[in-house]
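One structure is given below, encoded as structure tokens.
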Amino acid sequence: MNNIYDVIIIGSGPAGLSAAIYSARARLKTLILERSKVGGQIVITDEVANYPGSIKDATGPSLIGRMEEQVESFGAERKKDNIKQVDFTGKIKKLKGEKEEYYAKSIIIATGANPRKIGCPGENELIGKGVSYCATCDAEFFEDLEVFVVGGGDSAIEEAIYLTKFAKKVTIVHRRDELRAAKSIQEKAFKNPKIEIKWNSVITEIKGDGIVQSAVFKDTKTGELSEYFADEEDGTFGIFVFVGYLPTNQLVKELVDIDEAGYIITNDKMETNIEGVFAAGDIREKPLRQVVTAAADGAIAAVQAEKYIENNFEE
Ligand code: NAP
């Protein structure tokens, strides 16, 4: 156990990167562990208009790119590994990855959340073949095609607006007769001539042979089912799903306190119920999941980790 970090951060979205900036800048031996891609959900966002100080036309990837530069300039170490097991029982915490084992005096969990699925037959089989959870990633494949967007929150409506730059028509499918999205976002959508809204509707099945060819809709008021088939000339259409997110808590859900929805419960110092283990960003039970709140959580967690180490490890 000779390579003990002061702080290991699991996850490299805005919360993790912000924690790394604060931790490395405080001269703590810091490691940030990334599973696959850096950046978390924000890298699939085309526009970051509400992050204070955002420059015009800032995109998720450009913002994350600047955060990464900061992390590197302060000297935090970065490794790609998929952590499979954690042991928080001792004073030194242990993490077991696919590639290596890691040890740290403190841990910051910043594993974020992942898109929730509709959960209907055909959805999994047709991911990447017409079904998508990321407009920025996949919109271009639907140039001049029809697209359905499932959901009525901020994400669904913002992404529907974005998709109108590519698709010939965008139909928002919402299970109620009123959107959840902020009024300002709704107004933009209502004004967009390419957007239609299919109220009181859900998709109950997606069908297609290697590509989306039809979808079954259910009227949530009457229960009536109807099947929509792709335009003959197009042969296919898109289904973009934005029905909320699920916390990425598999690694720690048996160890730390979580709420009913699976988000980690912390106090305002980002402390979990386990000493030396902090949580930051979308994984945490909180009222607003945004880049700005994730970055703030990361900063607080890192500063608290520093205090924890000072109080518990100084010779
Ligand atoms: P959300 O606010 O939880 O909205 C999820 C939407 O999906 C709701 O309209 C919900 O319907 C619908 N839904 C949930 N389960 C469904 C199912 N099984 N079938 C059909 N529809 C279903 O999620 P979000 O839009 O991803 O936003 C997440 C958070 O990020 C929110 O706090 C949001 O404000 C924030 N956000 C902010 C911005 C921004 O400020 N620019 C952009 C994106 C996200 P009901 O309405 O009927 O519940």
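For the numbers below, each heavy atom of this structure counts, side chains included, while hydrogens, waters and symmetry mates do not. Every number for a ligand or one of its atoms is a count from 1 in the order of the listing.
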CD1-CD1 distance between Ile239 and Ile203, expressed to the nearest 0.5 angstrom: 4.0 Å
Amino acids contacting ligand 1, non-hydrogen cut-off under 4.0 Å: Asn50, Arg116, Gly151, Gly152, Gly153, Asp154, Ser155, Glu158, His174, Arg175, Arg176, Arg180, Phe242, Val243, Gly244, Tyr245, Arg289, Gln290
Salt-bridge criterion met for Lys105 and Asp6 (N-O under 4.0 Å): yes
Phe242, Phe237, Phe240 screened by ring pair (Phe, Tyr, Trp, His ring centres under 6.0 Å) with Phe148, the one that passes: Phe237
Under 3.5 Å side-chain donor-acceptor pair for Ser23 and Thr30: yes
Near-ring test Phe74/Tyr22, centroid separation under 6.0 angstrom: no
Exercise: identify the closest heavy-atom pair between Lys286 and Thr293: NZ-OG1, 3.2 Å
